[in-house]
Enquirer: 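Here it is, the structure in full.
Side chains included, hydrogens not; waters and symmetry mates left out as well; all remaining heavy atoms used. All values reported here derive from a predicted model rather than from experimental measurement. Lettering of chains follows the sequences in order, A, B, ..., and the numbering in each one begins at 1.
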Amino acid sequence: GIQVEQSPPDLILQEGANSTLRCNFSDSVNNLQWFHQNPWGQLINLFYIPSGTKQNGRLSATTVATERYSLLYISSSQTTDSGVYFCAVGIAGTYKYIFGTGTRLKVLA
Amino acid sequence: DGGITQSPKYLFRKEGQNVTLSCEQNLNHDAMYWYRQDPGQGLRLIYYSQIVNDFQKGDIAEGYSVSREKKESFPLTVTSAQKNPTAFYLCASNGRGTADTQYFGPGTRLTVL
């Protein structure tokens with residue numbers, strides 16, 4: 001089956017720093033989403049991005065489907081950005097998603 | 001407001017008991033999902049349903065059962081056959097399968113005593 005790997009597994013930043021999170025997947029997919037899981041466990045949609053680039057405030061994402069990776073950029077990080085970031089890929093022809101193992105981000109004040 | 005609700009938020013169960021977790025959505029979505037998350041881990045798919053009265057096993061369905069009698073509701077039963085049920089359970093839905101954004105409920109934390 002499709003493998004989804006995220007890097008780095010853990011990241012500690014000072015407030016105001018920028019970061020790049022990576023998601024690699026092993027086969028063609030028809031969907032890719034980025035989520036933020038807050039300390040209470042709620043998963044929040046960040047981007048639905050099967051290809052191309054999108055931006056939302058301090059966050060942006062790029063998916064290069066032909067090379068099987070996606071990047072999530074966080075600029076001017078804030079303590080509220082702390083939590084776990086997951087990417088999830090949708091398997092073409094099914095209703096199934098495969099989640100990566102996540103990147104745990106801690107932003108220090 | 002549209003969204004997904006899960007209840008209860010916390011659930012404690014004695015070994016050998018079956019428990020049912022509730023998931024309701026008012027987003028008019030066809031597809032619904034149940035995931036399990038263990039501490040420090042990612043999400044693993046238990047069951048999913050594409051349409052009313054139809055559902056499929058995910059990657060870790062053993063010891064769980066579901067029903068989909070109404071479009072809005074997708075309850076999950078954790079049976080006594082599930083050997084290690086203590087985990088965080090998340091329900092999700094979307095409108096057009098993987099060609100659509102997936103939305104999540106707030107989750108239920110199940111602890112077996």
Enquirer: Could you give all pairs that pass the salt bridge (Lys or Arg N to Asp or Glu O under 4.0 Å) test and reach residues 59-78 of chain B, with sequence neighbours left out?
Expert: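 Sorted pair list: A:K96-B:D59, B:D30-B:K71.
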Enquirer: Could you state whether A:F47 and A:V89 fall into the same hydrophobic cluster, counting links through intermediate Ile, Leu, Val, Met, Phe, Trp or Tyr residues with side-chain heavy atoms under 4.5 angstrom apart?
Expert: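 In one cluster: yes.
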Enquirer: Would you say A:L108 has more than 12 foreign heavy atoms packed within less than 6.0 Å of its CG?
Expert: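 Yes, CG of A:L108 has more than 12 neighbouring heavy atoms, counting only those of other groups under 6.0 Å.
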Enquirer: Is it true that atom CD of A:E5 has more than 12 heavy atoms of other residues, nucleotides or ligands lying nearer than 6.0 Å?
Expert: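 No.
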Enquirer: Indicate if A:I91 and A:V4 have the same hydrophobic cluster label, given that clusters are the connected sets of ILVMFWY residues with side-chain heavy-atom separations under 4.5 angstrom.
Expert: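 As far as the 4.5 Å side-chain criterion goes, A:V4 and A:I91 are connected within one cluster.
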Enquirer: Distance from A:N45 atom CG to B:F104 atom CZ, nearest 0.5 Å?
Expert: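 Nearest 0.5 Å value for the CG-CZ distance: 8.0 Å.
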Enquirer: Where does A:F35 contact chain B at under 4.5 Å (heavy atoms): side chain, backbone, both or neither?
Expert: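 Contact with chain B is through the side chain of A:F35 alone.
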Enquirer: To the nearest 0.5 Å, tell me how far B:Y35 OH sits from A:L43 CG.
Expert: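 Rounded to the nearest 0.5 Å, the OH-CG separation comes to 10.0 Å.
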Enquirer: Do you reckon B:L90 sits in the same ILVMFWY cluster as B:V19, going by side-chain contacts under 4.5 Å, direct or chained?
Expert: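 In one cluster: no.
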Enquirer: Can you hop from A:L105 to A:L71 via hydrophobic side chains spaced under 4.5 Å?
Expert: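 Each belongs to a different hydrophobic cluster.
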Enquirer: Select one option (side chain, backbone, both, neither) describing which atoms of B:Q50 are under 4.5 Å from chain A's heavy atoms.
Expert: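 The answer is both parts of B:Q50.
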Enquirer: About how many Å separate CD of B:Q37 and CZ of A:F86, when rounded to the nearest 0.5 Å?
Expert: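 A:F86 atom CZ to B:Q37 atom CD measures 5.0 Å (nearest 0.5 Å).
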Enquirer: When rounded to the nearest 0.5 angstrom, what is the spacing between OH in A:Y97 and CG in B:L45?
Expert: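 These two atoms lie 11.0 Å from each other.
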Enquirer: Working to the nearest 0.5 angstrom, can you tell me the gap between B:F88 CZ and A:Q37 CD?
Expert: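 Taking CZ in B:F88 and CD in A:Q37, the distance rounds to 6.5 Å.
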Enquirer: Answer yes or no: is there a side-chain heavy-atom contact under 4.5 Å between A:Y95 and B:M32?
Expert: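 Not in contact.
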Enquirer: Measuring from atom CD1 of A:I98 to atom CZ of B:R44, what distance do you get when rounded to the nearest 0.5 angstrom?
Expert: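 So the CD1 of A:I98 and the CZ of B:R44 are separated by 12.0 Å.
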